[in-house]
Amino acid sequence: MRSRGSQNRLSGNSFGSRVSALMLAMISTMATIYVAARLFQEAESRAYLVEELEKRTGQGQSAVSLDDTLKVIACREQSKKLSVLETELAAARQEGFVPKRLLGNNEKHPTKKVLLVVGVMTTFGRRKNRDAIRKAWMPAGIARRELVDKKGIIVRFVIGRSANGGDSLDKEIEAEISHTNDFVILGNQVEAPEEKAKKIKSFFIHAVGKWDAEFYAKVNDDVYVNLDSLGVVLASHLDKPRVYIGCMKSGKVFSERTHKWHEPDWWKFGDGKSYFRHASGEVYVISKSLAQFISINSFMLRTYVHDDVSIGSWFIGLDVQHIDETKLCCSSWSPGTQHPPLTRHVLNKLCKHQPNQIYYAFPFVSKLEMNASAPTSGAGKRPPPYPHKADKNPLQSSVELVKDKNGISQLILRNNDASATVSLLGAQVISWKTKRTGELLFLSKKAIFNPPTAVRGGIPICFPEFKNNETREDHGFVRNRIWVIEENPPHLSGDFSAKVYVDLFLKPSKEDAKIWPHSFEFRLRISLTALGILSLTSRIRNVDCKNFSFRIVYHTYLSVSDICEVRIEGLETQYYLDNLLQKQRFTEQGASLTFESEVDRVYTDSNNVLAVRDHYKKRTVIIRKDGLPDTVVWNPWDKKSKFIADLGDKEYQEMLCVDGAALENPITLKPGEEWKGDLELSILLIS
Ligand SMILES: O=P(O)(O)OC[C@H]1O[C@@H](O)[C@H](O)[C@@H](O)[C@@H]1O
């Protein structure tokens with residue numbers, strides 16, 4: 001039994017081991033099949049990906065691995081970005097600058113664009129001058145912040161380091177800074193008289209790297225600057241790409257070593273030995289692209305002994321506009337003369353010597369804030385705080401709310417000698433005048449101030465259409481609606497100069513949606529500068545859930561002495577569609593456009609700057625447009641005038657419509673998108 005049993009047991013064991021061996025063999029076969037299948041699958045995936053890549057890249061046979069594939073894709077993205085950057089860089093270099101992110105700007109620095117950075121060049125031992133400037137025109141504390149926020153102006157004293165580095169001179173400045181915090185210290189610049197020109201270069205490099213500004217100014221520390229007035233002057237040059245503004249002079253080159261103004265490189269200035277035109281060193285301004293040019297090319301920009309000559313030399317041979325601004329001629333103020341009273345004439349000077357005598361006020365002209373308490377619309381709301389007068393302001397800037405004969409509100413913007421009246425009916429500017437020119441816009445004597453009829457004259461805003469349907473709502477309905485005053489107008493770029501402005505707002509009603517089934521928000525900013533420049537900036541936002549397209553025309557009725565005596569310049573060689581000839585296309589042939597019969601044309605993709613010259617009135621109105629590619633020119637002449645109820649039979653002689661427009665190609669906005677268009681009117685007097 002035992003042995004049998006053991007035999008049995010033995011035979012039982014060998015059976016068991018055979019079973020396990022079989023099972024093991026089965027498992028390993030299955031595992032092999034599974035692994036093989038996976039490997040096959042992966043190989044298939046690889047083959048597929050490689051094939052796909054080949055298909056997409058068109059590279060044909062390739063031994064690219066999956067990892068390589070992903071690297072290639074990533075690499076392509078990178079090279080795409082790189083080529084975009086290279087294109088940007090090339091374009092930027094052409095302009096004389098590189099994009100901000102490539103300049104290695106410190107992130108901590110403010111990114112908000114400002115109008116102007118002023119560097120007041122000072123040196124050791126000039127504390128008295130600095131204190132005089134602080135007292136007179138360089139604000140501190142909250143006023144300094146406001147100067148940046150409201151006027152976009154940053155002012156700093158600029159100084160280098162003492163030759164000995166860290167000596168008592170440096171320590172004195174550090175002590176001063178701890179109280180005033182109004183310095184730029186040029187760490188790598190030695191403060192020494194012979195280093196002046198290099199210091200200017202260092203300042204521009206530093207300033208353009210630190211602050212994003214439209215302009216950069218250099219001022220000596222014995223010059224008083226009327227910042228507001230300077231802001232106004234600069235604002236009028238914002239449209240120019242490369243400007244160098246100052247009191248331009250040439251001046252003799254002195255070869256004698258003993259002379260105070262000795263020029264070691266005198267022989268380079270030709271036989272006549274006089275310098276090229278350059279801005280006098282007391283104060284001058286350059287635009288951003290020129291500061292960037294200096295920054296990029298600093299290592300090869302030669303400095304002469306005088307800093308003003310040096311900077312002048314850097315711009316020779318460049319496409320730079322030299323602007324001779326007499327208001328920056330500080331030395332025209334002779335120290336011994338009796339100071340004139342606080343008059344506008346005096347205020348027009350931007351700077352003067354004699355730090356101890358200050359005869360202008362700060363601020364010169366202030367931007368009027370229309371925020372908090374302005375009503376949005378309707379009765380029962382808190383009345384607006386009009387009339388408003390800017391405090392301590394020698395030149396008045398204000399906005400006044402009045403009512404027309406039909407009880408419709410009008411806003412009168414006043415700035416210095418200029419004024420503009422805006423009706424809330426259509427947000428329509430109906431008057432624009434200056435003391436010297438009188439009225440500049442035409443307004444018909446028969447104008448009807450009663451919605452839904454548009455007011456004949458001024459600047460009706462035609463949106464979203466510009467066509468005559470022979471209905472009262474033709475040329476769009478917004479000119480026939482009552483707009484409201486915007487409560488919290490935002491800061492818009494270009495708001496730095498001393499402007500008075502109002503923002504008007506319109507949203508379509510349910511009734512309006514029946515005429516034009518789209519939801520939008522229309523904001524119109526109307527501003528007037530101290531120099532009388534009138535601007536109308538439209539911002540139209542799509543608040544719908546679908547795209548819409550619109551046209552817009554600023555239907556500008558200019559007042560003219562006699563239609564036969566005016567001409568428009570800037571339209572020559574431009575294409576136009578003639579509405580009187582079934583919109584046929586022609587090219588403007590004349591050197592300027594004059595008038596002797598009815599005109600109704602759309603100049604497509606026309607110049608952005610036009611001049612309307614009026615010899616009898618001795619003035620030219622300059623029209624600048626932005627975002628408005630087309631120009632409409634219209635005068636109904638005698639026959640058509642008779643059919644226009646709200647226009648006197650002979651009034652066509654005193655008017656000319658020259659309109660900035662986006663007409664031929666409608667503008668399409670996606671949901672949430674905003675469009676901006678700008679019309680600016682300024683005046684040149686012909687002497
Ligand atoms: O009379 P409205 O609607 O103000 O428009 C004035 C004129 O404006 C012109 O630009 C149009 O081409 C004319 O057809 C139109 O009559």
Side-chain angles (χ1 to χ4, degrees), residues 423 425-431 441-481 512 515-516 536 550-560 563 566 568 571 574-586 588 593 595 597-606 610 612 623 625 628-666 677 679 681:
S423 172
L425 170 56
Q428 189 162 333
V429 178
I430 52 167
S431 163
L441 295 178
F442 168 83
L443 182 66
S444 169
K445 291 187 182 70
K446 294 171 89 178
I448 302 158
F449 287 84
N450 215 355
T453 305
V455 176
R456 173 77 53 201
I459 312 179
I461 302 293
C462 303
F463 170 93
E465 266 307 335
F466 189 70
K467 61 181 177 205
N468 266 341
N469 300 321
E470 308 294 320
T471 72
R472 291 208 288 188
E473 299 282 28
D474 55 12
H475 284 357
F477 58 87
V478 304
R479 66 177 181 167
N480 307 328
R481 299 289 177 272
D512 297 334
I515 304 171
W516 199 64
L536 281 82
F550 65 87
R551 293 181 167 86
I552 183 165
V553 176
Y554 289 68
H555 207 355
T556 310
Y557 286 75
L558 295 175
S559 160
V560 298
I563 185 67
V566 291
I568 306 177
L571 292 174
Q574 313 265 291
Y575 288 124
Y576 66 88
L577 306 174
D578 197 331
N579 286 335
L580 302 177
L581 293 170
Q582 296 79 46
K583 293 196 165 53
Q584 277 185 69
R585 201 177 190 89
F586 297 93
E588 184 55 63
L593 180 62
F595 303 91
S597 58
E598 183 184 355
V599 180
D600 192 349
R601 297 176 182 176
V602 181
Y603 288 81
T604 54
D605 209 6
S606 57
L610 302 171
V612 182
I623 301 173
K625 52 194 182 66
L628 302 161
D630 310 319
T631 303
V632 176
V633 179
W634 180 66
N635 184 292
W637 223 257
D638 53 349
K639 284 198 193 98
K640 196 159 276 172
S641 293
K642 295 201 172 76
F643 295 97
I644 303 176
D646 52 354
L647 186 69
D649 285 359
K650 296 222 161 120
E651 281 188 318
Y652 75 92
Q653 295 171 346
E654 302 156 32
M655 57 150 279
L656 173 61
C657 281
V658 187
D659 317 340
L663 199 51
E664 203 195 19
N665 299 313
L679 184 81
L681 303 176

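The model shown is predicted, which means the values in this text are computed figures rather than measured ones. For ligands, and for the atoms within them, numbers begin at 1 and follow the listed sequence.
In this structure, the separation between CG on Leu679 and CG on Leu681 is 4.5 Å, given to the nearest 0.5 Å.
Annotation for ligand 1: atoms under 4.0 Å from non-hydrogen atoms of Tyr557 are 4 (O). Interface atoms of ligand 1 facing Arg456, defined by a heavy-atom separation under 4.0 Å, are 1 (O), 2 (P), 4 (O), 6 (C). Remark: ligand 1 atoms within the under-4.0 Å shell around heavy atoms of Val632 are 10 (O). Shown in contact with Phe466 at under 4.0 Å from a heavy atom are these atoms of ligand 1, numbered in order with element: 10 (O). Of all the atoms in ligand 1, the ones that sit under 4.0 Å from a non-hydrogen atom of His555 are 5 (O), 6 (C), 7 (C), 8 (O), 9 (C), 10 (O).
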Considering only distance and modelled atom types, tabulate donor-acceptor pairs under 3.5 Å from the side chains of residues 578-585, sequence neighbours left out.
from, atom 1, to, atom 2, distance (Å)
Asp578, OD1, Leu580, N, 2.9
Asn579, ND2, Asp600, OD1, 3.0
Arg585, NH2, Thr604, OG1, 3.1

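In this structure, Arg479 has a heavy atom closer than 4.0 Å to ligand 1.
Judged by distance alone, the side chains of Glu588 and Tyr576 never bring a donor and an acceptor atom under 3.5 Å apart. When only modelled atom types and interatomic distance are considered, Ser606 and Lys625 share a side-chain donor-acceptor pair under 3.5 Å.
Polar contact with ligand 1: absent for Trp634 (N/O pair, distance under 3.5 Å). Looking at Asp659 next to ligand 1, no N or O pair under 3.5 Å apart turns up.
Heavy atoms of Asn579 found under 4.0 angstrom from ligand 1 belong exclusively to the side chain. For Phe643, no heavy-atom contact with ligand 1 is shorter than 4.0 Å.
Phe466 and His555 have their aromatic ring centers within a separation under 6.0 angstrom. Taking the six-membered ring where the residue is Trp, the centroids of Phe463 and Phe550 are separated by under 6.0 Å. Remark: aromatic rings of Tyr652 and Trp634 are distant, center separation not under 6.0 Å.
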